[in-house]
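Only one structure is covered here, and it is reproduced in the block below.
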Amino acid sequence: MSSRMLRSEIQSEILDLPSVVYSSMQHKKILGREMGNLANTIPTVDLSVFLLSDGDEAAKKAATEIISRACAEYGFFQVVSHGIPLELMSRAMDLCKTFFGLPDEEKLKSIPRAGSPVPAGYGKQPDQSADKNEYLLMLPPNNCNNVLPNNPPGFRAAMEEMFTYFSLTGELIETILNDCLGLPTNFLKEYNQDRSWDLMSTKHYFPATETENVGISRHEDGNVITFIYQDDVGGLEVLRDGQWIPVVPSQAQGTLVVNVGDVLTNKKFKSATHRVTRPQGKSRYSFSFFYNLQADNFETKTNEKIEADLSESSNSGQVRRWGQVPEQSSIDPHVD
Ligand SMILES: O=C(O)CCC(=O)C(=O)O
Ligand SMILES: [Fe+2]
């Protein structure tokens, strides 16, 4: 499906939204309003104004300002009315729960291909790892290194559709962040056109035990922008001023968490440290989408170019390749 066709699907989707989340559609003046309290919650922004061909400019400006502040204060924000069909999101979540509930021998049919540059396929953290989760990782739908399960039926197609929509949402958020950073129009878009290195993973976090509860150890994402679609269990936490702030799953269906990765970090934005803590007695499921930068651009061009265009920028951190563990990363028991 061409990206133009998808965009028009997105537009028809947002005109048909449930009233509880999207009531702002009837009140254009408050489109783009802040739906969270900046003091202690990660703000949520309604993106529908950016998807409408006649989107109100003042509402876009208001939304852009909220996102700018959130990226500076938290490195995180949340979005609704992003155009990803809610039916697809909940179907994909249900299918992922079914997949992870299958016996190991079934899931192991989807282990990564030998020699693949990225271990696309099913995997489980090794026993010695503090992180207790299993996952299914995928490259863009047409990539020959993907190993996607045929069971449960429909899962593979749902994963591919989710990926395609996430990519488009990534392009939209990249454009908004471009403006937040005061970069020349379309600077990031022109700089980062190759979508073949984007990655999506769906994860199953096992319930915590009496003695340990680490889902993913504290880390920062090395890419450009990450999306997280989490179920209603909770456990994602963001470090801000030495305090772990929970990203409470929203009652609003289809809420996506967005976080700024190392590529866009500078004096203005931060790539925030975050982690996942596992609750007791419950599994947690999530989708993460990593909007990346083409690998060859990583060390050579990325921050150097963004810094050159943002004279105030100061990020000293080297942008990491996929899977490379940051030096400052540490394993902690998540008990504080
Ligand atoms: O599952 C989540 O909520 C977050 C996952 C995450 O931080 C990551 O995959 O980098
Ligand atoms: Fe992360």
Side-chain angles (χ1 to χ4, degrees), residues 41-42 44 71 74-79 89 92-93 96-97 99-100 118-125 129-139 159 162-163 166 170 173 197-208 213-240 244-250 254-265 269-279 282-293 317 319-332 334:
T41 58
I42 310 284
T44 303
C71 290
Y74 294 98
F76 272 69
F77 58 101
Q78 303 191 86
V79 294
M89 294 177 81
M93 185 62 88
C96 113
K97 291 179 186 177
F99 170 72
F100 287 120
V118 166
Y122 170 76
K124 192 175 184 173
Q125 302 295 347
S129 169
D131 299 356
K132 303 292 179 218
N133 66 65
E134 56 181 342
Y135 54 88
L136 181 70
L137 181 68
M138 78 175 279
L139 284 152
M159 291 283 285
M162 284 289 280
F163 198 110
F166 270 136
I173 301 275
W197 290 89
D198 292 347
L199 288 167
M200 184 174 88
S201 83
T202 175
K203 297 189 185 71
H204 168 212
Y205 297 90
F206 303 105
N213 66 351
V214 179
I216 293 194
S217 305
R218 55 184 293 158
H219 67 282
E220 299 83 38
D221 291 351
N223 50 309
V224 185
I225 305 160
T226 305
F227 297 125
I228 298 156
Y229 167 41
Q230 57 173 339
D231 68 6
D232 56 7
V233 167
L236 175 61
E237 297 173 326
V238 180
L239 192 61
R240 184 191 182 222
W244 288 104
I245 299 175
V247 186
V248 179
S250 164
T255 301
L256 281 186
V257 181
V258 185
N259 70 283
V260 175
D262 293 351
V263 173
L264 294 186
T265 304
F269 281 6
K270 69 172 165 202
S271 168
T273 305
H274 55 285
R275 68 182 187 183
V276 174
T277 298
R278 288 146 47 225
K282 275 185 187 169
S283 280
R284 173 180 187 269
Y285 300 87
S286 69
F287 283 77
S288 306
F289 182 82
F290 303 97
Y291 190 83
N292 272 325
L293 190 69
V319 176
R320 300 188 297 275
R321 285 184 187 279
W322 185 85
Q324 194 179 332
V325 178
E327 270 172 30
Q328 73 272 29
S329 172
S330 65
I331 307 289
D332 71 16
H334 295 202

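Only this structure's heavy atoms are used, side chains among them; waters, hydrogens and symmetry mates stay out. Indexing begins at 1, ligand by ligand and atom by atom, following the structure's order.
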Quiz question: by atom type and distance under 3.5 Å, do the side chains of T277 and N213 form a donor-acceptor pair? no
Heavy-atom nearest neighbour in the protein, as seen from atom 3 (O) of ligand 1, with distance rounded to 0.1 Å: R284 NH2, 2.8 Å
Mind checking whether H204 and Y135 have ring centres under 6.0 Å apart? no
Looking only at N, O or S atoms, which one in H219 sits nearest to the Fe ion (ligand 2)? NE2
Pull out every atom of ligand 1 sitting under 4.0 Å from any heavy atom of Y205, numbered as shown with elements. 1 (O), 2 (C), 4 (C), 5 (C)
Where does D221 meet ligand 1, judged by heavy-atom distances below 4.0 Å: at the side chain, the backbone, both, or neither? side chain
Could you tell me which atoms of ligand 1, counted from 1 in the order shown, lie closer than 4.0 angstrom to a heavy atom of I216? 5 (C), 6 (C), 8 (C), 9 (O)
Counting only N and O atoms by type, is there a donor-acceptor contact under 3.5 Å from the side chain of Q230 to the main-chain atoms of V247? yes
Would you call R275 a ligand 1 contact, heavy-atom distance under 4.0 Å? no
When rounded to the nearest 0.5 angstrom, what is the spacing between CG in L264 and OG in S271? 9.0 Å
What one should report as the nearest heavy-atom pair of S217 and D131 is OG-OD1, 2.6 Å
H274 atom NE2 and D221 atom OD1 as seen from the Fe ion (ligand 2), angle to 10 degrees: 100°
Only one of F76, F166, F287 forms a ring-ring contact (aromatic ring centres under 6.0 Å, His included) with F227, so which one is it? F166
heavy-atom search around atom 10 (O) of ligand 1 in the protein gives H219 NE2, 3.1 Å
Any atoms of ligand 1 less than 4.0 Å from a non-hydrogen atom of S286? List them with their elements. 1 (O), 2 (C)
Under a plain distance cut-off of 3.5 Å, with no hydrogens placed, do N259 and D221 share a side-chain donor-acceptor pair? yes
Within reach of ligand 1, part of H274 (heavy-atom separation under 4.0 Å): side chain
Residues, nucleotides or ligands: over 12 heavy atoms within 6.0 Å of K97 NZ: yes
I need the atoms of ligand 1 closer than 4.0 Å to a non-hydrogen atom of I228, numbered in the order shown. 2 (C), 3 (O), 4 (C)
Numbering as shown, the atoms of ligand 1 that approach V276 to under 4.0 Å (heavy-atom distance): 1 (O), 2 (C), 3 (O), 4 (C)
Quick one: does K203 get within less than 4.0 Å of ligand 1, heavy atoms only? yes
Ring centroid separation F163 to F289 under 6.0 Å: yes
With atoms numbered from 1 as shown, which atoms in ligand 1 lie under 4.0 angstrom from a non-hydrogen atom of F290? 8 (C), 9 (O), 10 (O)
Starting at OH of Y74, measure out to CD1 of I245 and round the result to the nearest 0.5 Å. 5.0 Å
Side chain or backbone of V257 under 4.0 Å from ligand 1, or both, or neither, by non-hydrogen atoms? neither
